[in-house]
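Below is one structure, written out as structure tokens; comments come after it.
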Amino acid sequence: MQIALDNAVPGIDGDCGGECACGTCHMVIADEWFGKTGAVNDAEEQMLSMTPERARTSRLGCQVKTSEDMDGLIIKLPEFQM
Ligand code: FES
């Protein structure tokens, strides 16, 4: 989420500043990359459960810690952030 905001990527709002409290950083990870994004914790699961466009590989961008082995990560953004 922060990388998207720092680089003016449209479609990631990050309204709560990364506190896992708004859901405006929803993204859908490409299947082949989902396993590299780590585990979904309870707070993230709660926010995702309220996300209308949730998919099997949905994550909140603010809860994904990036690393070198995620270079090339493919994500799709929902049409609308909630
Ligand atoms: S920035 Fe608010 S939930 Fe991610």
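Both counts, for ligands and for their atoms, begin at 1 and track the order of listing. Reckoned from all heavy atoms, side chains included, excluding hydrogens, waters and symmetry mates.
At a threshold of 2.8 Å, atom 4 (Fe) of ligand 1 has no backbone or side-chain N, O or S atom of Cys20 nearer than that distance. For Cys25, every N, O or S atom stays at 2.8 Å or more from atom 2 (Fe) of ligand 1. Put simply, Cys22 gets within reach of atom 2 (Fe) of ligand 1, with an N, O or S atom under 2.8 Å from it.
Remark: minimum distance from atom 3 (S) of ligand 1 to any protein heavy atom is reached at Gly23 N, 3.3 Å.
Interface of Gly18 with ligand 1, defined as ligand atoms under 4.0 Å from a residue heavy atom, comprises 1 (S). Set against the non-hydrogen atoms of Cys62, the atoms of ligand 1 under 4.0 Å away are 1 (S), 3 (S), 4 (Fe).
Put simply, Val64 and Leu60 are part of two different groups of oily side chains (I, L, V, M, F, W, Y) that touch within less than 4.5 Å, one to the next.
Nearest approach of Gly18 to Cys62, heavy atoms of both residues: CA-CB, 3.5 Å. Residues Val28 and Ser58 come closest through the heavy atom pair CG2-OG, 3.8 Å.
In the candidate list Cys16, Ala4, Gly14, Gly61, Cys16 is nearest to atom 2 (Fe) of ligand 1, counting heavy atoms.
Note that NZ of Lys76 is 10.5 Å distant from NE2 of His26, once rounded to the nearest 0.5 Å.
Remark: the backbone N or O of Thr37 is paired with a side-chain donor or acceptor of Arg59 at under 3.5 angstrom. For Thr24 (side chain) and Gln81 (main-chain N/O), no donor-acceptor pair under 3.5 Å exists by modelled atom type.
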